[in-house]
Structures are given as C-alpha cells and as structure tokens.
Amino acid sequence: MDVNQDVDVTVVGAGPVGLVLAAELALAGATVQVLERRAEPDEAMKAGAINVPTAEALDRRGLLPAAEQVQRELLSPPDDGRRAPESRFTGHFAGMVLDPDRVDWSDPDLAAHTAVAGARWVPQRELEALLADHVVRLGIPVRRGVGVTALDDTGDGVLVGTTAGPVRTGWLVGCDGGRSTVRRLAGIDFPGTAPELTGHLAVVDIADPSMLASGWVWSTRGAYRYGPQPGRVVTVEFDGPPADRSVPVTLEEVQTSLRRVSGTDVTVTALRGAATRWTDNARQAAAYRSGRVLLAGDAAHVHSPFGGQGLNLGVGDAMNLGWKLGGVAAGWAPEGLLDTYDAERRPLGAWVLDWTRAQTGVMRGDAPSAALREVVGDLLSTREGATYAVKKISGVTQCIDLPGGHPLVGRFAPDLWLGDGSRLADHGHGGGFLLLDRTPGGVFARRAAPWAGRVSSVTDDRATPTGVLVRPDGVVAWASDATDPAAVTDLEAVLRQWAGAPSASPLLHRR
Ligand SMILES: Cc1cc2nc3c(=O)[nH]c(=O)nc-3n(C[C@H](O)[C@H](O)[C@H](O)COP(=O)(O)OP(=O)(O)OC[C@H]3O[C@@H](n4cnc5c(N)ncnc54)[C@H](O)[C@@H]3O)c2cc1C
C-alpha cells in the first residue's frame with residue numbers, strides 16, 4: 001500500500017489548487033498527502049496567465065523568480081513573425097482586449113502591486129510544474145495513480161476509499177476539479193446556470209494562415225481568435241455544450257469549428273500538443289465545507305474560462321484555506337477560524353461566476369448581443385473603462401470584509417518596501433504571519449513576541465503605516481498609523497482572533 005494510513009489532511013487532486021493547498025497546509029504545521037488519479041500530469045492547454053494575487057502568492061513563497069523565468073521564455077520573440085504577447089498584461093473582457101495605453105497605471109490599486117508585474121504570462125502547465133517542485137521540496141508525498149472512490153465522515157476523521165485501498169485521514173479536501181467526486185460523495189449541491197456554448201483552445205499549424213484575421217473576430221455563430229502566441233487558436237460556438245467532454249479533441253474537430261466560426265475553409269495541418277474543449281456551465285458549491293470534508297478550486301466553482309479567472313480563484317481558495325485548516329490540524333487555530341474560509345471565499349466565487357456570465361451575454365451571435373458588444377467596447381476604450389476592467393481582471397481590488405478602520409485591512413498587502421531594500425513579501429517564504437513594526441521602540445513586535453512561533457516580526461525605520469499584520473495568505477489583518485497603547489491593544493486582539501492563543505511553539509512543530 002502506497003498511501004498514508006494516518007495523516008492530518010488528505011488533498012484529492014494534484015492540479016494547481018491541490019498543489020498550492022498541500023504546500024500551505026504543510027507550512028502551517030499539518031501532515032499532508034496528495035492523492036491524484038492521473039499517473040502523469042495533465043498536458044492539456046488551459047490557463048495562459050496568472051493574476052496579481054496568484055503572482056503575489058508565488059512571490060510570498062519565493063517562487064517568483066521561477067515564474068519570471070517561465071514568462072521570459074514565453075515572451076522571447078517568436079520565429080514566425082507573429083506578435084509575442086504584450087508584456088504589460090491587461091487581459092480581455094468578452095474578447096475585447098484591453099489596450100494597456102488606455103489604462104491609468106497610476107491608479108492607487110494598480111500602483112500598489114507593481115512588484116509582480118514581471119510574472120503574469122505563466123501558462124498552467126509550467127505553473128503546475130513549478131508548484132510540483134515546491135511540494136517535493138517541502139517533503140509532501142504526491143501519490144499518483146490513486147483515485148478517490150468513497151468517503152465516510154465519522155465525525156472525528158474521514159475514512160476514504162481509494163483505488164489503492166482505504167485511508168484514514170483527519171480532514172479531506174476535494175481539489176479534484178469541476179466534476180469533483182469528493183463534492184458528489186459529500187452530498188454538496190452544485191447549483192448554477194446551464195451551458196450554452198462549446199469552446200476550443202489549441203495550438204495548431206495552419207496551411208493558409210492569411211485566411212484568418214488576428215485578434216478576436218465575431219460572427220453570427222460565435223467568435224474566434226488567432227494568436228497572439230504563434231499558432232494559438234480559440235473558437236467559441238453558441239450551439240450548446242459539447243456532447244462528450246471526455247473524448248480527446250481531434251484535429252478535424254478544431255478545423256471544423258474554426259471553419260464554422262471564421263466562415264473560411266482554412267486547413268489545419270497539425271495540432272501541437274493536447275487541445276482543450278470547454279463550455280460555460282456556471283455553478284458554485286452550496287457550501288465549501290461539510291463536516292470534515294472541504295472543497296477548493298474547480299471542485300467548488302466552475303464557469304467559462306473567459307477573462308482567465310478559474311485557476312486564480314482556486315489558488316486564492318487554497319491560500320485562504322491552507323493556513324486555516326493547517327492551524328486546526330496542528331492544534332493552534334482559534335475557535336471558528338475554519339468557518340471563515342467559506343465566508344471569505346464564496347462571495348468572490350459568486351462574483352467570478354457573474355463576471356464570466358456577463359461575458360457570455362456579450363459574446364452571443366445574436367443582434368442584441370452584437371449591439372451590447374458595441375456599447376461595452378466603447379466603454380472599455382475609455383481610460384476609466386479600461387482601468388476599471390483591468391483592476392477587476394487583475395484581482396487588485398479583491399478584498400475581504402474585515403473589521404478595522406485602516407484602509408489596508410482586508411486587502412492583499414501592497415508592495416511595502418523596507419529601508420534595507422527588501423520588500424515585506426521577501427520575509428514570508430516560510431509561511432506564517434508577518435508583522436511589520438516601524439515604531440521606534442519596536443512596541444508592536446514586543447507585544448507579538450509570545451506568538452513567536454507563528455508570527456515573524458520585521459522591523460523597519462520608515463514612517464507609515466507604523467504597523468501591519470499580514471496573514472499567511474497575504475491579507476492584511478491589522479494595520480495602524482499610530483504607536484499609542486490603543487494600537488498595541490488592538491494588535492493583540494487581532495493576533496488572538498487569527499493566530500490563536502499566544503505560544504512560542506513553532507508553526508512547523510508537527511513536521
Ligand atoms: C481552455 C481553458 C482555458 C483556461 N484559461 C484560464 C485562464 O486563463 N486563467 C485562469 O485562471 N483559469 C483558466 N482556466 C481554468 C483553469 O484551468 C482551472 O480553473 C484550473 O485547472 C482549476 O484547477 P484545480 O486544481 O481546481 O482543478 P484541475 O486542474 O481540474 O485538477 C483537478 C485534479 O484532480 C484530479 N482528480 C479528479 N478526480 C479525482 C479523484 N477522484 N481522485 C484523485 N484525483 C482526482 C484530476 O486528475 C486533476 O489532476 C482555463 C480552463 C480551460 C479549460
């Protein structure tokens with residue numbers, strides 16, 4: 001038997017979300033294993049880019065240089081004369097690519113997160129590879145070729161049936177994709193809206209590329225996009241969902257779809273790598289937790305890939321859940337911490353579903369949708385419209401409703417540069433809470449000292465904010481521009497709320 005018989009948390013699925021989650025659980029002190037039914041990583045083309053919170057999550061764990069290297073290789077000039085992707089990443093809304101020259105990059109939300117701008121074009125396959133290396137470095141076992149088939153939540157743990165035999169685990173997290181077995185076995189509802197389209201993504205060789213226009217092109221059947229990376233083709237057809245999503249996509253299928261939406265008889269001569277077929281099913285789990293079973297990533301929400309949100313949403317789930325469940329498993333979490341996972345993440349998931357539904361509405365081939373496209377296109381070509389959309393797509397405006405009067409609270413920590421030339425994010429590679437203390441006598445750091453195993457203090461001599469407490473997922477839990485006793489008392493209350501009772505025992509005491 002290859003699978004661990006007694007582990008704090010078993011993560012089902014070694015996609016991007018399962019890998020991030022496993023790493024965060026381990027950094028929070030839990031013992032963890034990953035079960036993945038595929039013998040080898042999935043080679044299908046999916047996400048092509050990451051958003052700001054995902055890039056910042058990589059940054060916080062020291063993985064940014066590897067992501068930047070991926071982007072450098074991707075952006076090296078193509079050999080067939082086609083345009084390489086724009087290095088200043090903006091994204092698109094319903095195929096309307098946002099012009100970087102119209103965006104107000106001095107907008108405070110955008111300007112607060114510039115340090116990760118060098119790593120946005122990071123395709124999913126390469127991201128998964130660098131996350132898999134990270135997981136291996138943390139010593140987490142990933143058991144490939146092991147599928148989960150049954151579960152029984154006994155109240156004090158979960159008995160899991162797998163293709164390699166039974167497993168007992170404290171907690172089970174389904175990161176097993178949109179057709180999640182864990183979600184079904186846990187009896188969690190998955191309400192939402194029905195699909196109405198079939199999309200394809202492929203990298204192809206084309207005999208007569210001059211037949212295709214570059215950029216997004218619409219017709220009454222749907223839309224296609226050729227480029228900007230060499231040979232990359234996306235088609236969207238509003239003729240219902242695919243009949244069978246499990247059969248591999250063939251060259252003929254891509255060519256037929258491309259011919260239909262482009263109205264040409266273009267010839268595809270080769271498929272480079274595995275193509276993908278998708279639809280716009282938009283559904284969200286009615287709850288992200290049922291007893292000792294939790295969901296994250298596509299297992300918790302599915303929607304069309306328009307605007308590139310799914311992977312990023314799932315990585316955000318994993319960052320949010322990892323330290324909380326890890327803290328529960330390792331025994332340091334305060335009461336109710338795990339409940340905040342659903343409360344903080346489901347509203348954002350619901351927003352993403354609507355963001356993608358809005359794009360479906362604008363992309364249909366009918367006359368009202370075409371008219372709506374004109375209106376939305378006009379708005380997005382204004383400075384305000386382009387800035388609004390880029391802020392939404394990039395994730396820089398994401399925030400959680402947390403108590404506390406400081407404007408940073410509930411937002412992802414901005415790029416805070418320290419007097420020694422480092423950034424606050426440079427100090428978070430090992431996980432845990434980060435406390436930035438800029439008071440002359442280090443009063444905040446002294447008050448946090450009893451939490452030394454969970455909270456790392458960084459002192460600095462710059463002015464404001466005078467103190468910032470960043471949770472392990474990068475969200476600011478507390479911030480102050482003052483140094484008075486009230487601020488110190490406030491910090492202590494927030495530490496108790498998120499990091500539990502004071503204890504100098506290290507986060508990693510279980511490993
Ligand atoms: C064409 C396309 C383009 C996309 N573009 C973007 C984009 O630009 N930006 C973006 O953010 N997102 C994008 N997405 C969405 C993104 O690919 C998904 O959101 C992401 O893969 C979700 O990751 P995950 O880890 O939750 O699930 P998955 O990647 O689906 O991984 C789930 C894993 O669980 C395993 N598994 C399943 N069942 C079991 C079981 N019973 N036992 C054990 N293992 C199991 C699977 O084998 C798989 O490895 C795109 C998707 C598609 C299809």
Side-chain angles (χ1 to χ4, degrees), residues 3 10-22 33-55 85 89 91-92 120-125 127-128 131-132 142-151 160-164 167 172-186 198-203 225 232-236 242 245-246 249 274-281 285 295-318 321 349 352-353 355-356 393-395:
V3 290
T10 297
V11 174
V12 186
V17 177
L19 293 171
V20 172
L21 178 65
Q33 67 179 344
V34 182
L35 306 182
E36 166 57 54
R37 73 174 169 202
R38 283 178 177 275
E40 300 293 335
D42 189 359
E43 289 297 312
M45 276 185 78
K46 292 185 191 166
I50 58 176
N51 72 0
V52 168
T54 299
F89 184 93
H92 72 93
R120 302 296 303 285
W121 288 106
V122 184
Q124 183 160 339
R125 229 168 20 203
L127 178 66
E128 287 182 26
L131 291 172
V142 178
R143 310 296 187 200
R144 289 199 160 273
V146 179
V148 166
T149 53
L151 69 85
V160 187
T162 82
T163 52
V167 175
L172 186 75
V173 189
C175 300
D176 51 343
R179 280 169 275 182
S180 169
T181 303
V182 173
R183 186 184 66 232
R184 180 174 52 78
L185 293 173
T198 296
H200 292 93
L201 170 63
V203 177
R225 186 187 196 191
R232 187 176 190 270
V233 170
V234 178
T235 65
V236 180
R245 288 187 62 199
S246 56
V249 180
T276 323
R277 184 195 297 114
W278 83 87
T279 185
D280 64 333
N281 209 8
L295 303 174
D298 278 14
H301 35 69
V302 294
H303 49 80
S304 79
F306 297 146
Q309 296 289 328
L311 176 149
N312 294 303
L313 183 62
V315 168
D317 292 346
L321 176 60
V352 168
L353 260 62
W355 184 254
T356 59
I393 293 166
S394 66

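Worth knowing before you read on, the calculation uses all heavy atoms, side chains too, and leaves out hydrogens, waters and symmetry mates. Note that ligands are numbered from 1 as they come in the structure, with each ligand's atoms numbered from 1 the same way.
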Starting from atom 20 (C) of ligand 1, which protein heavy atom do you reach first, and at what distance in Å?
-> Q124 NE2, 3.8 Å

Using non-hydrogen atoms of the residue, decide whether L35 is closer than 4.0 angstrom to ligand 1.
-> yes

Taking the minimum heavy-atom distance to atom 42 (N) of ligand 1, which of V148, N51, T54 ranks first?
-> V148

Top protein contact for atom 15 (C) of ligand 1, by heavy-atom distance = L311 N, 3.9 Å

Where's the contact between C175 and ligand 1, heavy-atom distance under 4.0 Å: side chain, backbone, both or neither?
-> backbone

Which is closest to atom 35 (C) of ligand 1 in terms of heavy atoms, E36, E40, R37?
-> E36

May I ask you to identify, for T181, whether its side chain, its backbone, both or neither come under 4.0 Å of ligand 1 on a heavy-atom basis?
-> side chain

Using heavy-atom distances, let me know which of A202, G297, P41, G15 sits nearest atom 31 (O) of ligand 1.
-> G15

Residue-ligand contact P16/ligand 1, heavy atom below 4.0 Å | yes

Short list, please: which atoms of ligand 1 are under 4.0 Å from a heavy atom of Q309?
-> 9 (N), 10 (C), 11 (O)

Between T276 and ligand 1, find which residue part has any heavy-atom pair under 4.0 Å and reply side chain, backbone, both or neither.
-> side chain

V146 near ligand 1, heavy-atom distance under 4.0 Å?
-> yes

Separation between OG1 (T10) and CD (Q33), nearest 0.5 Å, reads 4.0 Å

Considering only the protein, which heavy-atom contact is closest to atom 37 (C) of ligand 1, and what is its distance?
-> D176 O, 3.3 Å

What is the closest protein heavy atom to atom 26 (O) of ligand 1, and at what distance does it sit?
-> D298 N, 2.9 Å

Filtering S180, G177, A39 for the heavy atom nearest atom 28 (P) of ligand 1 leaves G177

Distance in Å, R125 CZ paired with K46 NZ, rounded so as to fall on 0.5 Å steps | 11.0 Å

For atom 9 (N) of ligand 1, the option (of G308, G395, A300, G174) bearing the nearest heavy atom = G308

